[in-house]
Amino acid sequence: MKLPPHLTIRNGHLHVGGHDCVSLSEKYGTPLYVTSEDRICDHFRAYQQALSSRYPNVQVLFAAKANGNLAVMRALAQLGAGADVFSGGELALAREAGMPAKKLLFNGSSKTKSDLALAVQHGVKVSVDSLDELHQLDAVAREAKKVAEISFRVNPALEVPTHPKIATGLATSKFGIPHGQIPAAYKEALSCKHVRPVGIHCHIGSQILDVEPFARAAKVMVRIAQELAGMGVKLEFLDLGGGLGVPYHHDTDPAPTPEDYANAVMPVFLAGIKAAGITPELWVEPGRYLVADSTVILTRVNSTKTAHKRFANVDAGFNLLIRPAMYDAYHEVIVANRADAPLTTEYTVTGPICETGDILAADRKLPELAAGDLIAVLDAGAYGYAMSSQYNGRPRCPEVLVHGNETALMRRGETLADLTSTMVHPPWQR
Ligand code: PLP
């Protein structure tokens with residue numbers, strides 16, 4: 001199987017960023033998330049470079065929902081990243097990671113008044129999802145005696161080749177304001193005293209392996225920019241969202257790069273803003289592309305079983321990686337302690353959760369397995385730990401970060417005490 005350069009096999013062991021997975025599993029236990037900081041930084045630089053070599057005024061925002069670990073966000077902040085945040089919690093994480101408020105965009109289709117107040121208090125721009133929200137934000141900003149800078153989330157009504165649950169710019173999806181209504185929404189915003197409309201924003205979906213839909217979205221966005229310019233509005237930023245996919249099937253999926261993305265999108269963007277007579281900042285919001293392949297989950301085989309087929313029962317399940325169960329997602333698996341052994345036997349790798357759907361990898365050719373073997377689930381850095389849970393009374397596992405010659409915990413494992421730490425005794429049970 002093709003491996004990215006930070007994953008190597010030496011002496012039969014899988015290594016992440018030069019660190020032996022077998023040693024890491026012995027030091028930190030399993031299950032274990034292992035993330036290469038250097039890989040994330042390389043991806044960020046490539047994204048930044050692909051766009052800024054074609055247009056000088058670019059801001060790359062990391063989609064914090066993909067991986068909310070502070071260490072990951074801090075590494076990106078140090079390279080100049082901002083963040084797309086979807087909650088007060090993500091806003092707080094981004095600020096703590098050192099991202100300045102002016103590099104954040106507060107997104108979301110259902111914000112509370114306290115979300116809006118937090119954005120106003122921090123001076124974070126808000127991507128407004130409805131006229132109702134616009135007027136609520138105007139009132140919140142008036143109360144705080146401030147003016148909130150906003151963009152509108154545009155629904156561009158575009159079909160994209162991805163799983164329907166992560167297509168976000170369909171005419172039928174819950175996100176944004178239909179593109180035809182944006183000029184009217186802008187007019188409405190211009191009449192609000194405590195709101196200043198400065199941008200437009202879209203995000204068409206996630207795990208998109210063809211760059212052409214991004215060019216189509218850019219076309220819709222620059223058309224709106226031109227219409228707004230005709231109304232005398234000069235946009236200060238245009239945010240094209242995230243969505244660039246990664247090759248989860250290492251040997252067969254296309255692997256579009258930020259260069260491919262820029263080649264498709266930038267001609268449309270550049271011609272469009274020229275026609276509109278504006279020079280806005282170009283914002284993008286990649287999540288998955290920056291972090292997905294940086295991370296493996298190491299999980300120990302508890303037992304094997306031959307029933308109608310062969311099962312390997314491991315200690316990580318959809319409590320730690322819900323993508324296969326939720327999106328039928330595919331993740332490559334490697335036997336990390338015998339990574340060069342011949343692939344002789346078909347296994348279905350199942351987790352410990354009491355659900356039939358708790359399958360991490362179905363029908364994969366692996367070496368003959370035994371209890372104690374160590375399996376690495378690849379490409380788990382995006383929407384992995386971030387979507388984890390304590391389901392079935394399972395404390396979440398630790399996360400380790402590797403960087404150069406060093407390894408360190410970036411999140412401790414939860415304990416049994418963590419399972420009950422937020423629970424309170426109703427008084428009648430005392
Ligand atoms: N921006 C917005 C508004 C999103 O909703 C998402 C993900 O759903 C992203 C960016 C990041 O998408 P991806 O991780 O596919 O790059």
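Reckoned from all heavy atoms, side chains included, excluding hydrogens, waters and symmetry mates. Everything numeric in this text was worked out from a predicted model, so none of it was measured. When a ligand or atom number is given, it counts from 1 through the structure's own listing order. The first residue in the sequence is number 1, and the count goes up from there.
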With atoms numbered from 1 as shown, which atoms in ligand 1 lie under 4.0 angstrom from a non-hydrogen atom of [X]?
X	value
P286	16 (O)
G243	12 (O), 13 (P), 15 (O), 16 (O)
G242	10 (C), 16 (O)
R153	3 (C)

TODO: Establish, from distance only, whether the side-chain atoms of H6 and S36 form a donor-acceptor pair under 3.5 Å.
DONE: no

Looking only at protein heavy atoms, which one is nearest to [atom], and how far off is it?
atom	answer
atom 11 (C) of ligand 1	A63 CB, 3.4 Å
atom 14 (O) of ligand 1	Y383 OH, 2.5 Å
atom 9 (C) of ligand 1	H203 CE1, 3.3 Å
atom 1 (N) of ligand 1	E285 OE1, 2.5 Å

Test: [X] and [Y] ion pair at under 4.0 Å:
X	Y	result
E227	R223	no
R196	E236	yes
R54	E259	yes
D239	R153	no
R39	D293	yes
E133	K111	yes
R323	D328	no

Checking the N or O distance criterion of under 3.5 Å, is ligand 1 in contact with [X]?
X	value
S206	yes
H201	no
R288	yes
L244	no
D84	yes
G287	yes

Task: Rounded distance [0.5 Å steps], CG in L76 versus CE in M99 - done: 5.5 Å

